[in-house]
Structures are given as structure tokens and as C-alpha cells.
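Structure first, commentary second.
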Protein chains: 2
Amino acid sequence: MIDRLDGRLIELLAEEPRIGVLEASRRLGVARGTVQARLDRLQSQGVIRGFGPQVDPAALGYPVTAFATLEIKQGQGTDVRAHLASVPEVLELHTTTGQGDMLCRLVARSNADLQRVIDKVVGFDGIVRASTAIVMENPVPLRIIPLVKQASED
Amino acid sequence: MIDRLDGRLIELLAEEPRIGVLEASRRLGVARGTVQARLDRLQSQGVIRGFGPQVDPAALGYPVTAFATLEIKQGQGTDVRAHLASVPEVLELHTTTGQGDMLCRLVARSNADLQRVIDKVVGFDGIVRASTAIVMENPVPLRIIPLVKQASED
DNA sequence: GGCACTGCTGGGCAGAATGCCCAGCGAAGA
DNA sequence: TCTTCGCTGGGCATTCTGCCCAGCAGTGCC
């Protein structure tokens, strides 16, 4: 899928996103055109989805994160999805194995505010039951580099 | 925390990360220096953590995602954290309310491979019990823009 | 009222990077 | 042997960046 040069390029971009193609080619010891071609390929293959800004919810005033497991009434999946998608505090939603189960990531302004968010999330007809786990620590923040290294060494 | 201009800037960058400061200032109808100052502030405040590449694990050959809830033996937290951090397929790890509970996001090359990953994850002394939920669909991929809009309209 | 401070404007400048082009070359496969 | 592919190393005009400046409006303080 990706080779070592791709891997090194992604790592380099992850460490110093500000550097341009030219600087990257210098660091990697290859020609500029090569870096450009690799980048184009990685993006068109979908390996690199983009370079959007990584926004910290805590810095926006939402320091509380929680995960909620939802049990859904049969046949209500579509409605529930639309409902959850409309709630800004729902950052992520997955449907998982086990019928009617969904897992979503929530943020809130405070523990008290989390109650409001949960009420907004579960106050919907198709949702039968919800259990919430509040995040206390985040020892491993969302990361991808170790996986990239692994993948590039095949 | 952030005002409307900040919000619009973040949205713009999220939609078209490739544009530079100059083009952004044109789109937003403000001076280039203003955009530059706002960007600097957002980054130094930590609202924008960076512009690293967003890598898709599926495109790397890891199309299977799962969430695992782990129950940890008292006092083993530190060791478990270090162990999980050393596994590339662990993309994220949180400690949550409820003593000894952790939640982690895993990826694997296939459902069969997921077994290998889970064995690697839970095959560690401090972990008492683990329950895994395989992700089938991802109706709401990790997002932040709705929250940014919300936050910028205060 | 007078004053300082802050943030935005609009402009200028040299230096650097980008997007795009090309010919040459070595490795791999037909 | 021939063709294809990816990488190299270079050139080119255009564009953007980082950095500077003076002017000006709004705000809060004395």
C-alpha cells in the first residue's frame, strides 16, 4: 500500500506540517518532483484525506469528553442517526455489533453541561437506553504515526 | 473564546486546507495581516493544534475498527497504559469513570486480524476483562465544524 | 475632554516556494 | 532487446510568505 518513502513523508508532515514540498524533499533526500508525485498519489488514493486544522474542543470551551453507548429501537436507526448528526456536541458516531447499538463521542462545557448534552442526545424517540462513560484521562490521544510506520514496513 | 471571524476562518480552512493566508483573507473580506494575526492567536491559544495530514487507516490496509472496554487491575494503570501505547493498532486510549475502566479504539486488517490485535492488547497482566464492539458503520465521522460554529456564535 | 492601547487596514519589499515544463537515466517487465 | 515507469536535476514565470510601515477607528482610563 505505502512504502518507506511514503511513510517517512507522512511522518515528516505530521511532525512539521508547516514545511512545504521543497523543504520536505530536502529532508528526505529526494527530488522535489518525487515528493510532489508521492503527495499527489497519497491524496488521490485517499491515504491522506487532507490537511485540515486540528481543533481542540477543550480550547473551544468544551473540556469534557464522554462516550455514550445507545440502544436503538428496531428500525429507528436512520432517524436516530439524523438526530445525532444534528447535535454539534456529537463529534463522532459509530454503529457497532450487537443489534441496535451505537457508540458516540460527546463533548460538553462542564460536567453539569454534560447532562444537558446527554438529555439532548437521548431525548429522542428511537433511543431505548443509554449508558455514558466520562473520560477522565487521555493517555493516548488519537494517533496514526505508529500505524503508518507499521504499514510502511511491509 | 473565539468570535465569528475565527469561526469562519476555521471553517474555511477545514473546507479548503490548501488555500494560503492571502487567499483566505480575500475570501473572508479582511486584510491579510488580520488573518495572519488570527491564525497566530488560534494556534498559540491551542484552538488549532496544527495542520497535520489526516490519514485514513482503511487506505493503509486497516479497514476494521473496533472499540474495546478494558477492566484494569487496581494499581496497574500505568503499566497498562504503557503497554497499550506500544501497540500501533491502538489509535486512542481513554480512561473513563468507573474504577479501572479504559476505552480504546483499535484497527485491524480484517476481522480475523482483529483477533490478533485483541490478543495483543488484552494479553497483558494488568487487564482483567475486555469487551469489544466492532464498528459496522460510521454515520458521523469525527467532526468539529458544527461545534466551532456553535462556539463562535456566543 | 485628552490620552494610550488595541486591532484592523492597505500598502511595499525582498526572498522563497509553487506549479509546470523538460531531457536524461536506471530498473523492471514484456 | 525494447518499452514503461519512477526518479533526478534543472529552468521558468508567477505567486505567496514573512516582515515592515503609517493611518485610523473603537475602547477604556485618567
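In what follows, every heavy atom counts, from backbone to side chain, and hydrogens, waters and symmetry copies are set aside.
- Between the P atom of dC8(C) and the CG atom of L9(B) lies a distance of 12 Å, rounded to the nearest Å.
- If you check distances only, the side chain of R38(B) never reaches the base of dG7(C) with a donor-acceptor pair under 3.5 Å.
- Sequence order on DNA chain C of the closest nucleotides to V35(B) and L22(A) puts V35(B) first from the 5' end.
- Within 4.0 Å (heavy atoms only), G20(A) reaches sugar-phosphate atoms of the nucleic acid but no base atom.
- Between R8(A) and E11(A), no side-chain nitrogen of the basic residue sits less than 4.0 Å from a carboxylate oxygen of the acidic one, so the salt-bridge criterion is not met.
- Taking 4.5 Å as the limit, every side-chain heavy atom of R38(B) sits out of range of all side-chain heavy atoms of V30(B).
- Residue T34(B) places its side chain closer to dT9(C) than to any other of dG19(C), dT9(C), dG12(C).
- Seen from the ring of Y62(A), R109(A) counts as a face-on cation partner, given the 6.0 Å and 45° thresholds.
- Heavy atoms of R26(A) sit under 4.0 angstrom from primed sugar atoms or phosphate atoms, though from no base atom.
- F124(A) and H83(A) have parallel rings, their planes meeting at less than 30° on a 0 to 90° scale where 60° marks the start of perpendicular.
- The interatomic distance linking I19(A) (CD1) with dA16(C) (C1') rounds to 15 Å, in whole Å.
- Protein chain B contacts DNA chain D over a range whose 5' and 3' limits, counting nucleotides with an atom under 4.0 angstrom from a non-hydrogen atom, are dC16(D) to dC19(D).
- Residues V47(A) and I10(A) meet the side-chain proximity criterion, which asks for heavy atoms closer than 4.5 Å.
- Residues Q36(B) and R32(A) each lie close to DNA chain D; by heavy-atom proximity, the contact nearer the 5' end of the strand is made by R32(A).
- Q115(A) and D119(A) share a donor-acceptor pair across their side chains, judged by distance under 3.5 Å alone.
- If you take CG of L28(B) and P of dC8(C), they are 12 Å apart, rounded to a whole angstrom.
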